[in-house]
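Everything on this sheet refers to the single structure shown next.
For the single chain, residues carry numbers from 1 onward in sequence order.
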Amino acid sequence: MSNYLVAMEAAWLVRDVDNVDDAIGVAVSEAGKRLNEQDKEFVEVEVGVTPCPACGEPFDSAFIAADTALVGLLLEIEVFDADGENHATRIAKSEVGGALRDVPLSVIEVLETGPEADED
């Protein structure tokens, strides 16, 4: 059994916003509130980054059209005593998905952590 850090991307919709900074603030706040209400304070919530298609430089994952924003959030959760990466992924999606119903989630990275990861 190993510990894993599972990073997921969530697509968060924010309505009636004028600028990207407001959209990001609302998305992070709403996601954090929903996670906290379900006692999931251990899930880290940040704005995601997207590489610029022209230059490759990262920028915040947020797009606004018609006063509605789509914000890409990065969610990280530490999963303890999982049987492997697939098991850790299922646990993470279950924990986070249960609190963030109707929010699309995609696993983007799974890293083994803890003393067993150092032995490799």
Atom [atom1] in [X], atom [atom2] in [Y]: separation rounded to 0.5 Å?
X	Y	atom1	atom2	result
Glu109	Leu5	CD	CG	7.5 Å
Glu78	Glu44	CD	CD	10.5 Å
Asp18	Asp21	CG	CG	11.5 Å
Ser2	Glu112	OG	CD	4.0 Å
Leu100	Glu95	CG	CD	11.5 Å
Trp12	Ser61	CH2	OG	15.5 Å

Is the side chain of [X] donor-acceptor paired with the backbone N or O of [Y] at a distance under 3.5 Å, no angle test?
X	Y	answer
Asn36	Gly32	yes
Asn3	Thr113	no
Ser94	Arg90	no
Arg34	Arg101	yes

Exercise for review: Going by the side-chain contact (heavy atoms from CB on, under 4.5 Å) test, name the single residue among Ile91, Val43, Val103, Val6 that passes it with Val96.
Suggested key: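 One option only clears the test, and that one is Val43.
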
Check your understanding: Between Ile64, Asp60, Leu13, Val47, which is the residue that forms a side-chain contact (heavy atoms from CB on, under 4.5 Å) with Val71?
Key ->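 Single pass found, and it is Val47.
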
Close side-chain approach of [X] to [Y], heavy-atom, < 4.5 Å:
X	Y	result
Leu35	Glu37	no
Val28	Glu46	no
Tyr4	His87	no

Return the minimal non-hydrogen interatomic distance between [X] and [Y], and the atom names on each side.
X	Y	answer
Met8	Val107	CG-CG2, 3.8 Å
Ile24	Ala62	CG1-CB, 4.1 Å
Ala23	Val14	O-CG2, 3.7 Å

Exercise for review: Under the side chain to side chain contact (heavy atoms under 4.5 Å, CB included) rule, what do Asp83 and Met1 come out as? Steps first, then yes or no, please.
Suggested key: CA-CA 5 Å; Asp83 291 330; Met1 301 275 239; 2.8 Å; yes

Practice item. Take atom CZ of Phe80 as the centre, draw a 6.0 Å sphere, and report whether it contains more than 12 heavy atoms from other residues, nucleotides or ligands. Key: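 For Phe80, atom CZ is crowded (more than 12 foreign heavy atoms under 6.0 Å).
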
Practice item. Just do the side chain to side chain contact (heavy atoms under 4.5 Å, CB included) check on Phe42 and Ile77 with the steps written out, would you? Key: CA-CA 7 Å; Phe42 48 85; Ile77 180 172; 3.5 Å; yes

**Study point:** Polar contact flag, side-chain donor to acceptor under 3.5 angstrom, Glu9-Ser106
**Key:**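 No, Ser106 and Glu9 have no side-chain donor paired with an acceptor closer than 3.5 Å.
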
**Study point:** Path from Leu74 to Val45 over hydrophobic side-chain contacts below 4.5 Å
**Key:**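 Hydrophobic grouping puts Leu74 apart from Val45.
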
